[in-house]
Protein chains: 2
Amino acid sequence: MYTIGQVSEMFNLPISTLRYYDKEGLFPGMERQSGIRKFSERELEALRVIECLKKSGLEIKDIKQFMAWCVEGASTYPNRKELFETRKTIVEAEMVKLQKTLDMLKFKCWYYDTAIHDGNEERLNEMLPDKLPPDIQKLYDNAHK
Amino acid sequence: MYTIGQVSEMFNLPISTLRYYDKEGLFPGMERQSGIRKFSERELEALRVIECLKKSGLEIKDIKQFMAWCVEGASTYPNRKELFETRKTIVEAEMVKLQKTLDMLKFKCWYYDTAIHDGNEERLNEMLPDKLPPDIQKLYDNAHK
DNA sequence: CATTGACATAAAGTCAGGTTTAGGTATTAC
DNA sequence: GTAATACCTAAACCTGACTTTATGTCAATG
């Protein structure tokens, strides 16, 4: 059993955030000892799932709904599974977008590297948009398609 | 040259957002014809960079700073390069985190698949935390490390 | 020549996800 | 016995990134 301060340290989250999550119903049935929250292994796993679902773009109110399903029991397995399947699809799409972003950033790094070397962008402007070095061209094309 | 409406269609962004970006100084030196904004190829590339930098987590006011550097000329190449290097590092870290998120989601999909099949979580609880099928164990370990 | 549609502005409003403030309790440390 | 520390609540506040509202201009259409 952990206090809110210990959990705050463990997860590197402000205490105020943990209290906010609790207020929003993300720890249904969490124990208390004379008013003080007692975080058990169940709440730690809940917190891991919260961080995961948040990162997948889910809103707090929908995470609350998921936690309510967990309390409801086996009848909500299909709801929970569908939720994770949906989030998985969304995160996979997000990864593709982020890779495109990363390729743009890599291209710009090369671009300014070259600009610094040349002292101007003249040569670069002549190479754009389709006479870039092969590996750079790939980055540029993926970032601009 | 494009009108705000055409750019809105091309980038699938609300007109209000484009006007907001302009107000925030993200299109320095954009032309106008009797008050009406004229988006040139320069503004379209700016918009691509805006989307990229936004996705990398940069705030509007810092994107504005970057656009100001672009106007300033060759003396700011190093500033611009450093900005992109920093964003690249941040996005690479983000990709690692997102992969961890994805592994958690994949694990949970398998988990509820199994729970639905079994009708309860008893067998699953016996397998946790280190007697999972090898491929699932990998997902679980990456998601929980 | 009035209405429609696309453009413009300034200023107020919205929203999620916290964070801060103000005030209080309970336990341990000197 | 008082001071520090860790916990508690309710409610107000904050922030960034838009979005909406209210009002107006201008060109082309019926």
Side-chain angles (χ1 to χ4, degrees), chain A residues 1-40 43-44 46-67 87 90 94 97 101, chain B residues 1-40 43-44 46-68 83 87 90 94 97 101:
Chain A
M1 289 292 199
Y2 308 91
T3 66
I4 201 167
Q6 290 171 322
V7 176
S8 163
E9 291 273 291
M10 288 160 62
F11 282 78
N12 214 15
L13 284 174
I15 289 175
S16 61
T17 301
L18 294 171
R19 289 209 262 250
Y20 165 69
Y21 286 171
D22 186 25
K23 203 180 63 179
E24 292 302 304
L26 303 195
F27 304 120
M30 177 163 57
E31 263 189 63
R32 296 222 181 194
Q33 272 175 24
S34 50
I36 288 167
R37 291 173 184 85
K38 291 287 157 189
F39 289 76
S40 70
E43 277 74 40
L44 300 193
L47 212 33
R48 277 175 216 116
V49 174
I50 289 165
E51 303 238 274
C52 166
L53 290 176
K54 240 167 51 82
K55 200 127 196 88
S56 85
L58 205 67
E59 290 180 20
I60 299 291
K61 68 173 192 301
D62 296 316
I63 300 179
K64 175 186 180 163
Q65 169 67 260
F66 169 75
M67 293 304 172
R87 298 334 287 175
I90 284 170
E94 189 60 23
K97 277 197 210 163
T101 298
Chain B
M1 290 292 200
Y2 307 91
T3 66
I4 201 166
Q6 289 172 322
V7 177
S8 163
E9 291 273 291
M10 286 159 64
F11 281 79
N12 214 16
L13 285 172
I15 288 176
S16 62
T17 301
L18 294 172
R19 289 209 263 249
Y20 165 70
Y21 287 171
D22 186 26
K23 203 179 64 178
E24 293 302 303
L26 267 41
F27 304 119
M30 177 164 55
E31 265 190 62
R32 295 221 181 194
Q33 272 174 24
S34 51
I36 288 166
R37 292 174 184 84
K38 291 286 157 191
F39 290 76
S40 70
E43 278 73 42
L44 300 193
L47 212 32
R48 276 176 217 115
V49 173
I50 289 165
E51 303 237 274
C52 167
L53 289 176
K54 241 167 51 81
K55 199 126 195 89
S56 86
L58 205 68
E59 290 179 20
I60 299 292
K61 68 174 191 302
D62 297 316
I63 300 180
K64 174 186 180 164
Q65 170 67 86
F66 168 76
M67 293 302 172
L83 174 70
R87 299 333 289 176
I90 284 170
E94 189 59 25
K97 277 197 209 163
T101 297

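By convention in this document, chain letters (A, B, ...) are assigned in the order of the sequence lines, proteins followed by strands, and residues within each chain are numbered from 1.
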TODO: Provide, to the nearest angstrom, the distance between the CD atom belonging to B:Glu59 and the C1' atom belonging to D:dC14.
DONE: 13 Å
Open item on the list: Between A:Ser8 (side chain only) and A:Ile4 (backbone N and O only), is there a donor and an acceptor less than 3.5 Å apart?
Closed with: no
Open item on the list: Just the rounded figure in Å: distance from C1' of C:dT9 to CD1 of B:Ile15.
Closed with: 14 Å
Open item on the list: Rounded to whole Å, please give me the gap between CG in A:Asp22 and P in D:dC8.
Closed with: 9 Å
Task: Sugar-phosphate, base or nothing in reach of B:Ser16, heavy atoms under 4.0 Å - done: base
TODO: Figure out the CG/C1' separation between B:Leu58 and D:dG16, and round it to whole Å.
DONE: 13 Å
Open item on the list: Ignoring hydrogens, what is the shortest heavy-atom contact between B:Lys38 and B:Met30? Give both atom names and the distance.
Closed with: O-CG, 3.5 Å
- [ ] In whole angstrom, give the distance that lies between atom CD of B:Gln33 and atom P of C:dA6.
- [x] 19 Å
Open item on the list: Between A:Tyr20 and A:Ser34, which residue's closest nucleotide on DNA chain C lies nearer the 5′ terminus?
Closed with: A:Tyr20
Task: Side-chain N or O of A:Arg37 closer than 4.0 Å to phosphate OP1/OP2 of D:dA6 - done: no
- [ ] Using a cut-off of strictly less than 4.0 Å, decide whether B:Arg19 has a side-chain nitrogen or oxygen near OP1 or OP2 of D:dT20.
- [x] no
Task: Gap separating the CD1 atom of A:Ile50 from the CG atom of A:Leu13, nearest 0.5 angstrom - done: 9.0 Å
- [ ] Among the candidates D:dC8, C:dG18, C:dC7, find the nucleotide nearest to the side-chain atoms of A:Ile60.
- [x] C:dG18
TODO: May I ask you to verify if any side-chain N or O of B:Tyr21 is less than 4.0 angstrom from the OP1 or OP2 atom of D:dA17?
DONE: no
- [ ] Write down the distance between CG (B:Leu18) and P (D:dT19), rounded to a whole number of angstrom.
- [x] 10 Å
Open item on the list: Rounding to an integer number of Å, can you tell me how far A:Ile4 CD1 sits from C:dT27 C1'?
Closed with: 18 Å
- [ ] Using only side-chain N and O atoms of B:Lys38, determine if any of them is under 4.0 Å from OP1 or OP2 of C:dA8.
- [x] no
- [ ] Return the nearest nucleotide to the side chain of A:Thr17; candidates are C:dA8, C:dG18, D:dC8.
- [x] C:dG18
TODO: Would you name the heavy atoms of B:Leu44 and B:Phe11 that are closest together and state the gap between them?
DONE: O-CZ, 3.7 Å
Open item on the list: Tell me every residue that passes side-chain hydrogen bond (donor to acceptor under 3.5 Å, both in side chains) with A:Ser56, counting only those two or more places apart in sequence or in another chain.
Closed with: A:Arg87
Open item on the list: Test: side chain to side chain donor-acceptor pair (under 3.5 Å). Region: residues 24-34 of chain B. Which pairs qualify, not counting sequence neighbours?
Closed with: B:Asp22-B:Arg32
TODO: Select from B:Lys23 and B:Gln6 the residue whose nearest nucleotide in DNA chain C is closer to the 5' end of that strand.
DONE: B:Gln6
TODO: State, to 0.1 Å, how close A:Lys54 and A:Tyr21 come at their nearest heavy-atom pair, and which atoms those are.
DONE: CE-OH, 3.2 Å
Open item on the list: Can you tell me if A:Thr3 touches the phosphate of D:dC7, counting only side-chain N or O atoms and a distance under 4.0 Å to OP1 or OP2?
Closed with: yes
Open item on the list: Mind checking if A:Lys54 touches a base, just sugar-phosphate, or nothing, with heavy atoms under 4.0 Å?
Closed with: sugar-phosphate
TODO: Would you kindly give the CG-to-C1' distance between A:Leu13 and C:dT19, to the nearest whole Å?
DONE: 14 Å
- [ ] Would you confirm whether A:Ser40, through its side chain, and A:Met1, through its main-chain N or O, come within 3.5 Å as a donor-acceptor pair?
- [x] no
TODO: Classify the nucleic acid contact of B:Glu24 as base, sugar-phosphate or nothing, counting any heavy atom under 4.0 Å across all strands shown.
DONE: nothing
TODO: Using five pairs at either end of the helix from C:dC1-D:dG30 to C:dC30-D:dG1, determine the angle between the two local helix axes and round it to 10 degrees.
DONE: 10°
